[in-house]
Amino acid sequence: KKAREYIQNRQKESPGDIGILEVAGLVEVNAGDFQKAKVLYDSAYSKNPDKKEFSPEYAYILWKSNKRKEATLIFSKASHEAEEIINQGNEEFNSPYILAQVNSVLGNKESAYKWFQQAINNGWRQYEMTLNDPLFENIRDEDRFKEMMNNLKRMVATMRNKIDEF
């Protein structure tokens, strides 16, 4: 509820801002309002339609709306793009995270875990975002996922303690 209120205020301040519309769409995905999320993502992507073709969150909206063929195509494109970035030697965390999301939704749990661990190894630390990420609903309640999240929380706590020491 707080996230909705916050992003709605940002939308009033900057109507039509692509980034704000995407975040608003993500808030609605997290709230389970896929219709509203789709409207917001469609509005964001109206200015950049190619971006929609690579968005796992948009694909998830379609997936949950039983538009599996469209969703699978976008998941495939998003995965291919992420794999290309990784194969070029880029060690950023976003591409493995996207692969973890896609594989989780598609039920490829081992691959989801592998890529999520790679995202962590590459510096992913946003455990609160991951805990609430609906694309991980297929693995969220599994012990392995919970253990990974607990390890990630400990890593973040350790980093915060080191910062506090300065």
Side-chain angles (χ1 to χ4, degrees), residues 1-86 92-120 124 126-146 148-149 152:
K1 185 176 178 176
K2 287 171 73 174
R4 269 187 174 151
E5 289 172 11
Y6 177 82
I7 201 65
Q8 286 171 353
N9 287 332
R10 300 294 75 79
Q11 283 180 280
K12 288 175 189 172
E13 292 171 6
S14 302
D17 182 282
I18 294 170
I20 292 173
L21 287 167
E22 284 180 309
V23 172
L26 184 58
V27 167
E28 295 305 329
V29 168
N30 284 317
D33 190 340
F34 301 114
Q35 239 178 346
K36 191 169 185 179
K38 186 175 184 310
V39 168
L40 289 162
Y41 273 105
D42 282 340
S43 180
Y45 296 149
S46 67
K47 295 175 176 102
N48 186 359
D50 291 340
K51 193 168 182 184
K52 177 170 52 176
E53 296 299 313
F54 299 94
S55 170
E57 291 82 10
Y58 190 79
Y60 179 75
I61 293 166
L62 296 173
W63 186 268
K64 295 303 270 188
S65 302
N66 289 320
K67 296 180 180 178
R68 300 285 167 96
K69 188 175 181 182
E70 283 180 74
T72 301
L73 180 62
I74 295 172
F75 281 139
S76 178
K77 288 180 179 182
S79 294
H80 181 73
E81 181 182 51
E83 288 168 351
E84 277 188 11
I85 291 168
I86 292 166
E92 49 85 31
F93 54 73
N94 199 50
S95 293
Y97 189 83
I98 288 170
L99 289 168
Q101 288 177 307
V102 169
N103 280 285
S104 175
V105 172
L106 297 177
N108 304 323
K109 292 180 180 184
E110 284 305 311
S111 290
Y113 285 122
K114 171 191 146 190
W115 287 115
F116 184 50
Q117 185 60 57
Q118 187 61 51
I120 293 168
W124 180 264
Q126 299 175 39
Y127 69 87
E128 290 171 340
M129 181 176 159
T130 305
L131 280 173
N132 296 308
D133 189 335
L135 281 77
F136 288 108
E137 70 183 350
N138 288 337
I139 61 174
R140 181 176 293 115
D141 294 329
E142 294 185 4
D143 289 340
R144 185 172 174 186
F145 183 79
K146 290 175 184 177
M148 291 175 82
M149 294 307 300
L152 189 53

**Report entry** Check against side chain to side chain contact (heavy atoms under 4.5 Å, CB included), Lys77 and Lys52
**Finding:** CA-CA 10 Å; Lys77 288 180 179 182; Lys52 177 170 52 176; over 6 Å; no
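- Looking at heavy atoms from C-beta onward, Leu152 lies in side-chain contact with Trp124 at the 4.5 angstrom threshold.
- Between the side chains of Asn103 and Tyr113, no donor-acceptor pair of N or O atoms lies under 3.5 Å.
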Query raised in the report: Given the rule in the side chain to side chain contact (heavy atoms under 4.5 Å, CB included) test, do Val102 and Trp115 qualify, once you have shown the distances and angles that lead to the verdict?
Result: CA-CA 10 Å; Val102 169; Trp115 287 115; over 6 Å; no
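- Smallest separation of non-hydrogen atoms from Glu137 and Ser104: N-OG, 4.4 Å.
- Residues Leu106 and Trp63 form a side-chain contact, since some pair of their non-hydrogen atoms from C-beta on lies under 4.5 Å apart.
- Note: Phe136 and Tyr97 have perpendicular aromatic rings, judged against thresholds of 30 and 60 degrees for the angle between ring planes.
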Query - Verdict with reasoning, Met149 to Leu131, per side chain to side chain contact (heavy atoms under 4.5 Å, CB included) - result: CA-CA 8 Å; Met149 294 307 300; Leu131 280 173; 3.6 Å; yes
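- Of the residues listed (Ile20, Ile7, Leu21), the one engaging Leu40 in a side-chain contact (heavy atoms from CB on, under 4.5 Å) is Leu21, and it is the only one.
- Within 6.0 Å of atom CD in Glu5, more than 12 heavy atoms from other residues, nucleotides or ligands are found, so the atom counts as buried in its surroundings.
- With hydrogens and angles left out, the side-chain atoms of Tyr45 and Glu22 include a donor and acceptor closer than 3.5 Å.
- Between Phe34 and Tyr41, the ring centre distance reaches or exceeds 6.0 Å.
- In the displayed structure, Asn48 atom CG is contacted under 6.0 Å by more than 12 heavy atoms of other residues, nucleotides or ligands.
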